[in-house]
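Could you have a look at this structure, given as structure tokens, before my questions?
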Amino acid sequence: MPAPRVRFCPAPSGWLHVGGARTALYNWLYARGRGGAFVLRIEDTDAERATDASMHGMVAALRFLGLDWDEGPEVGGPHGPYRQSERGPLYAAVANALLEADAVYDAYETAEELAAEREEAQRAGRSPGYAGGHRDLTDEERQAYLAEGRRPVLRVRTPDRGEVSFSDAVRGTVSFDWKDIPDFVVQRADGTSTYFLANAVDDVAMGVSLVARGEDLLSATPRQLLLYELLSREGLIDRALADSGYPARPADAVLPSFAHLPLLVGEDRKPLSKRHGSVAVDEFRRQGYLPEVLVNFLALCGWSYDATSERFTVDELVERFGFERVGRNPSFFDTAKLRAMNGDRIKELDDRELAERLLPHLDEAGLAGMPPLPAERELVLGLAPLLRERIQTLADAVPLVAFAFLDEVTWDERAVAKWLKGSARDVLAAVAAAFEGVGDWNVESVTATLDGVAAELGLGTGKVYQPVRVAVSGTDRTPPLPETLALLDRAVVVRRLRAALERIVD
RNA sequence: GCUCCCGUCAUCUAGCGGCCCAGGAUACCGGCCUUUCAAGCCGGCGGCGCGGGUUCGAAUCCCGUCGGGAGCACCA
């Protein structure tokens with residue numbers, strides 16, 4: 001059996017969202033696990049929607065996730081080009097051959113007429129698909145339409161009866177009746193190819209052996225199958241490839257089989273879309289989710305290994321993934337669970353690693369520079385072990401330790417009201433004085449000083465730690481106090497304690 | 001309207017006729033620990049959409065029903 005060839009083919013409009021990323025991941029895992037090839041193809045046949053910025057964003061998001069491609073934009077490959085906007089002549093050649101073979105016909109309705117027809121059909125309770133009005137035009141009729149200035153689209157003649165069925169790697173046998181499948185457009189009036197044609201032509205031309213995509217395309221499959229058959233009939237595709245100057249398909253090419261993945265839905269059970277807030281991969285990156293966690297989590301959105309395992313390294317996923325174990329029901333993209341997994345992964349990072357991953361987020365928040373100053377790097381390294389148990393995403397660290405980087409403390413008025421009052425006046429004054437007299441400024445000496453003040457004033461440790469915490473950080477939720485203070489400059493700490501005295505109300 | 005797909009705790013998922021009066025994870029609740037916030041440990045809550053069959057036995061098979069989703073574009 002030849003090595004599998006799979007592909008991910010996003011339409012470059014908008015950002016790569018998690019649903020698309022999941023599709024890309026499954027294809028990638030499948031290819032990597034079986035020594036196959038993963039092809040990235042950009043489906044930008046719709047010039048109105050496709051943008052370069054979107055394409056670059058998608059490429060960047062895939063790279064962030066660690067999904068590399070063997071053929072595609074930026075890396076090339078033997079069956080390119082890999083942007084459909086650069087393959088127009090091929091599609092035109094195929095459409096032409098299809099027309100000569102009478103597999104497609106020219107239809108002259110305008111978009112408005114079709115919309116009206118659709119509406120009418122809906123109203124009458126009929127299926128809104130094309131009814132086949134221009135299936136058998138005479139040459140006179142054609143001339144008349146042409147004379148009116150109309151340009152035809154090309155539609156495929158679909159069978160009027162019979163059944164199609166195919167074996168889906170996820171769903172088993174699926175079948176449709178041809179009578180339910182209307183003649184569909186393969187070439188627009190402006191001569192460009194639609195998704196159906198371009199997608200089918202490229203999958204066949206690139207020797208794709210398995211098409212794994214979202215379930216929303218399940219009912220498009222019969223049309224694809226028809227096209228595959230038409231394309232391979234009498235070497236049509238091979239001739240078109242040769243005639244229009246594109247690379248021949250792989251010698252061992254087979255026609256694609258299918259795997260339809262369940263949809264990813266939001267909390268309202270509707271398929272994920274921009275309406276659901278942040279669903280873009282890049283947004284998750286900004287929020288501080290680790291790529292290996294996203295990969296692990298995405299793998300679990302539809303696939304499972306056994307009853308109890310759910311933490312996998314990328315290598316383990318590559319080894320274990322298979323479409324047989326992809327479920328058939330839609331899965332909810334549960335960010336709470338993602339957070340938990342991300343938090344667990346952060347706990348596995350050592351100080352250096354965590355600090356390195358934290359730095360870009362601190363930079364984005366305006367706390368440290370990029371690249372960081374040596375002192376900033378050192379501070380972050382010191383903070384890393386204190387943060388590890390307390391954050392679930394890298395961005396969670398920002399509010400927790402911002403005070404360690406900023407000159408101005410941001411006051412949490414609730415915390416101030418609760419702790420900077422009463423005995424806090426004596427506490428802050430005593431601690432400030434005691435800190436000034438400390439020999440070595442380190443965790444042990446800070447702890448001893450704090451505990452000493454508590455004993456001296458006859459107060460519980462909470463009555464001492466909390467006011468000090470608020471005075472230095474502005475809030476009552478921070479990493480452990482002595483450990484944090486020891487990382488700061490002593491003079492800064494003392495200055496803040498004294499400044500906080502001003503805010504005390506009795 | 002028609003076609004296709006799906007239906008196990010709040011959420012994701014294991015289950016493919018007896019191992020299941022249903023297992024794991026997240027979330028939630030409680031306890032311990034504690035200088036805050038966390039983390040950790042221990043414990044708890046909680047589900048086979050419904051109705052018929054088939055069978056000694058059904059979450060698992062069949063039929064029906066209800067519910068959800070997708071598609072039916074000169075968008076992909």
List for me each residue that meets side chain to side chain donor-acceptor pair (under 3.5 Å) alongside A/E413, sequence neighbours excluded, and say none if there are none.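 By the side chain to side chain donor-acceptor pair (under 3.5 Å) rule, A/E413 matches A/R503.
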Generate the contact string for nucleotides 1-7 of chain B. Rules: B means base contact, S means sugar-phosphate contact only, - means no protein heavy atom under 4.0 Å. BSSSSSS
For residues 458-477 of chain A, pull every pair meeting salt bridge (charged side-chain N to carboxylate O under 4.0 Å, His left out), keeping only residues two or more places apart or in separate chains.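 Listed by first then second residue: A/R414-A/D476.
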Without hydrogens or angle criteria, can the side chains of A/S423 and A/D426 be said to hold a donor-acceptor pair below 3.5 Å?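 No.
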Atom P, compared across B/G46 and B/C61: separation rounded to whole Å: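 My reading of the P atoms in B/G46 and B/C61 gives 28 Å.
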Who passes side chain to side chain donor-acceptor pair (under 3.5 Å) against A/E483, sequence neighbours left out? none
Closest to the 5' end of RNA chain B, once A/L300 and A/R325 are matched to their nearest nucleotides, is A/L300
Within residues 382-390 of chain A, the residues having a heavy atom closer than 4.0 Å to RNA chain B are A/E389, A/R390
Rounded P spacing from B/G23 to B/C48 in Å: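 Each nucleotide's P atom is 13 Å from the other's.
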A/H361: what forms a ring pair (Phe, Tyr, Trp, His ring centres under 6.0 Å) with it, not counting sequence neighbours?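 Once residues adjacent in sequence are excluded, A/H361 has no partner under the ring pair (Phe, Tyr, Trp, His ring centres under 6.0 Å) criterion.
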For RNA chain B, find the residues of residues 447-464 of chain A with a heavy-atom distance under 4.0 Å and give them by number; none if there aren't any. A/T461
For A/F321, enumerate each residue passing the ring pair (Phe, Tyr, Trp, His ring centres under 6.0 Å) test, keeping only those at least two apart in sequence or located in another chain.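 With neighbours one apart ignored, the set is A/Y26, A/W303, A/F323.
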A/S13 meets the side chain to side chain contact (heavy atoms under 4.5 Å, CB included) criterion, sequence neighbours left out, with A/R49
Separation of the P atoms in B/U60 and B/G52, to the nearest angstrom: 14 Å
Residues in side chain to side chain donor-acceptor pair (under 3.5 Å) contact with A/E215, at least two apart in sequence or another chain: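 For A/E215 the side chain to side chain donor-acceptor pair (under 3.5 Å) partners, ignoring immediate neighbours, are A/R171.
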All side chain to side chain contact (heavy atoms under 4.5 Å, CB included) counterparts of A/V409, not counting sequence neighbours: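 Per chain and number, A/V409 pairs via side chain to side chain contact (heavy atoms under 4.5 Å, CB included) with A/W411, A/R496.
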Applying side-chain hydrogen bond (donor to acceptor under 3.5 Å, both in side chains) as the test, list every pair that has at least one member in residues 448-460 of chain A; sequence neighbours left out.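 Residue pairs passing side-chain hydrogen bond (donor to acceptor under 3.5 Å, both in side chains), neighbours aside: A/D451-A/Y465.
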